[in-house]
2 protein chains.
Amino acid sequence: MSATITIKLNEKLFLRDPEQTELGKAIVKESIRLIDELGFEQFTFKKLAQQITSTEASVYRYFENKHKLLLYLVSWYWNWLDYRISYHTHNVTDAAERLQVFIKILAADPMKEPLTTFFDVEALARIVVLEASKAYLTKEVDNDNRAGLFRDYKSLCHKMALVVLEINPEYPYPHALVSTLFETTRKHLFFAQHLPSLTEVKLEQAGLTSLTSYLNHLAFSAIGTAVVNTQSKD
Amino acid sequence: MSATITIKLNEKLFLRDPEQTELGKAIVKESIRLIDELGFEQFTFKKLAQQITSTEASVYRYFENKHKLLLYLVSWYWNWLDYRISYHTHNVTDAAERLQVFIKILAADPMKEPLTTFFDVEALARIVVLEASKAYLTKEVDNDNRAGLFRDYKSLCHKMALVVLEINPEYPYPHALVSTLFETTRKHLFFAQHLPSLTEVKLEQAGLTSLTSYLNHLAFSAIGTAVVNTQSKD
DNA sequence: CTATTGATGATAGTATTGCTATTATTTCAA
DNA sequence: TTGAAATAATAGCAATACTATCATCAATAG
């Protein structure tokens with residue numbers, strides 16, 4: 001059942017919903033390709049418009065500016081992660097096991113995905129590694145936060161924090177630990193590729209076993225429980 | 001003994017050494033003030049030149065571009081941290097205790113500092129929190145890395161990794177853990193201030209005890225040793 | 001005591017960026 | 001079929017990220 005789940009994002013992220021029109025989808029699809037190729041700094045609405053043979057003005061009708069577009073893409077990604085995590089854990093009763101599934105998905109382990117998208121999700125995942133921090137590391141954070149633009153990241157974080165508390169109700173840093181896991185995942189994917197002397201994590205295998213191991217180790221030693229030794233069913 | 005330790009940075013970070021001239025020092029001092037005030041995106045060499053009543057062209061004679069300037073400032077900061085850590089640990093024999101001093105300094109606990117600077121170090125520390133990630137999260141990382149522009153961060157990381165190994169020679173992720181501690185420190189200082197729902201860390205106290213506690217907890221539970229309960233002597 | 005070098009300042013210029021505005025054209029729904 | 005909405009085409013503007021040229025001034029080397 002390859003359901004087309006519609007990911008519902010905060011309306012303040014865009015001026016016109018890009019999923020509703022062909023042009024909108026072209027903007028999203030091509031912006032992902034271009035940001036992945038050029039990096040966020042070199043990416044401009046003019047270059048994007050050229051690629052989709054449209055105009056800068058048209059792109060501006062969908063997104064206020066490129067920062068909002070980045071926020072849109074990143075939010076979409078967190079929403080997608082949330083969906084995948086729910087999908088793969090909804091019938092896992094043991095909380096520790098659910099946390100492990102969470103980590104496995106975070107670390108980008110390829111799992112059969114029921115959600116098909118009109119754009120390159122792997123490119124988006126690379127964008128999240130390289131650019132996601134820039135979505136909030138600005139002088140505009142507080143305004144953007146008030147506008148609810150980080151809602152998806154925060155709610156996903158909270159959801160996983162509850163799992164941590166289920167494992168150990170006395171654990172004093174559930175949100176901190178989960179956000180650390182999120183940030184650490186991206187940083188170590190990046191380090192493994194570009195600054196390998198900063199980590200023991202290696203990228204060689206598709207399963208990213210060393211990243212998964214490191215994250216499991218960090219999480220479970222902090223929470224104070226041994227890593228559950230269960231093979232997940234997929 | 002308030003020694004004026006000269007922090008020696010990679011020469012590729014600048015075109016002309018800013019510490020050698022009055023103009024150079026003015027550039028560094030005022031750029032720290034301006035980046036802290038405006039954020040890195042809104043900061044320009046033109047604005048900087050106006051502040052120091054010099055010209056854009058003169059600034060460009062010291063730094064190739066604003067990205068290199070950021071790299072310079074961030075490298076200076078890591079170097080300064082390195083110096084402080086060495087200073088406060090050189091006669092601490094116990095490795096676990098040295099790691100704790102390291103964490104305490106990382107978390108910006110105010111300690112008597114022997115190094116006096118001609119600019120606002122606290123502003124620089126804020127810049128590191130908000131902007132340091134942008135120094136490497138670019139499409140230019142590999143070039144910058146080849147040019148040795150991350151040398152200071154990497155060597156500091158390695159130094160601390162050796163301390164981790166001294167505590168537990170079997171520990172499989174010393175560099176990963178240390179870089180996680182670095183990144184986590186900055187992220188949680190940021191979260192505590194702007195996205196508090198992502199962390200239990202609070203900023204209220206000068207000593208930042210909650211951040212220090214969280215970092216100690218993360219580090220020592222991962223390494224597999226209890227937190228040493230020693231009051232440091234300062 | 002020149003003569004030269006090196007650092008700075010003054011000024012100008014250029015391509016690109018990050019928009020906004022106006023008008024024209026197409027589309028498709030009532 | 002007509003009218004509203006979406007898009008394209010074009011222009012323009014202030015700011016950014018530089019580069020280049022030339023004049024000035026100070027130190028210092030011969």
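Sequence lines set the chain letters: A, B, ... in the order given, protein chains first and strands last, and positions in each chain run from 1.
- Heavy-atom minimum distance, B:T138 versus B:H67: CG2-NE2, 3.9 Å.
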Exercise answer: donor-acceptor pairs, residues 47-55 of chain B side-chain atoms, under 3.5 Å, sequence neighbours excluded:
{"unit_1": "B:K47", "atom_1": "NZ", "unit_2": "B:Q42", "atom_2": "O", "d": "2.6"}
{"unit_1": "B:T55", "atom_1": "OG1", "unit_2": "B:S58", "atom_2": "N", "d": "3.3"}
{"unit_1": "B:T55", "atom_1": "OG1", "unit_2": "B:S58", "atom_2": "OG", "d": "3.0"}

task = Spell out protein contact along nucleotides 6-18 of chain D as letters: B when the base is contacted, S when just the sugar-phosphate is, - when no protein heavy atom is under 4.0 Å; keep the 5' to 3' order.
result = SBBB------SBB
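- Between A:K139 and B:E41, none of the side-chain N atoms (NZ, or NE/NH1/NH2) sits under 4.0 Å from a carboxylate O, so this pair counts as no salt bridge.
- A:N145 and B:H194 are not linked by any side-chain donor-acceptor pair at a separation below 3.5 angstrom, with hydrogens and angles left out of the test.
- Using the six-membered ring where Trp is involved, B:F119 and B:W76 have ring planes that are perpendicular, over 60° apart on the 30 and 60° scheme.
- A:S86 is linked by a side chain to side chain contact (heavy atoms under 4.5 Å, CB included) to A:D82, A:K159, counting only residues two or more places apart in sequence or in another chain.
- Bracketed by its first and final contacts, the part of DNA chain C lying under 4.0 Å from non-hydrogen atoms of chain A reaches from C:dT17 to C:dA21 in 5' to 3' order.
- Using cut-offs of 30° and 60° on the angle between ring planes, the pair A:F43 and A:F45 is perpendicular.
- Here the closest heavy-atom approach between residue B:Y214 and residue A:A176 is recorded as OH-O, 3.1 Å.
- Remark: A:R33 engages A:E37 in a salt bridge, criterion side-chain N to carboxylate O under 4.0 Å.
- Contacts between residues 27-36 of chain A and DNA chain D, counted as heavy-atom distances below 4.0 Å, involve no residue at all.
- Residue pairs meeting the ring pair (Phe, Tyr, Trp, His ring centres under 6.0 Å) criterion with at least one member in residues 121-159 of chain A, sequence neighbours excluded, are A:W78-A:Y153, A:Y136-B:F190, A:Y136-B:F191, A:Y153-A:F182, A:H158-A:H175.
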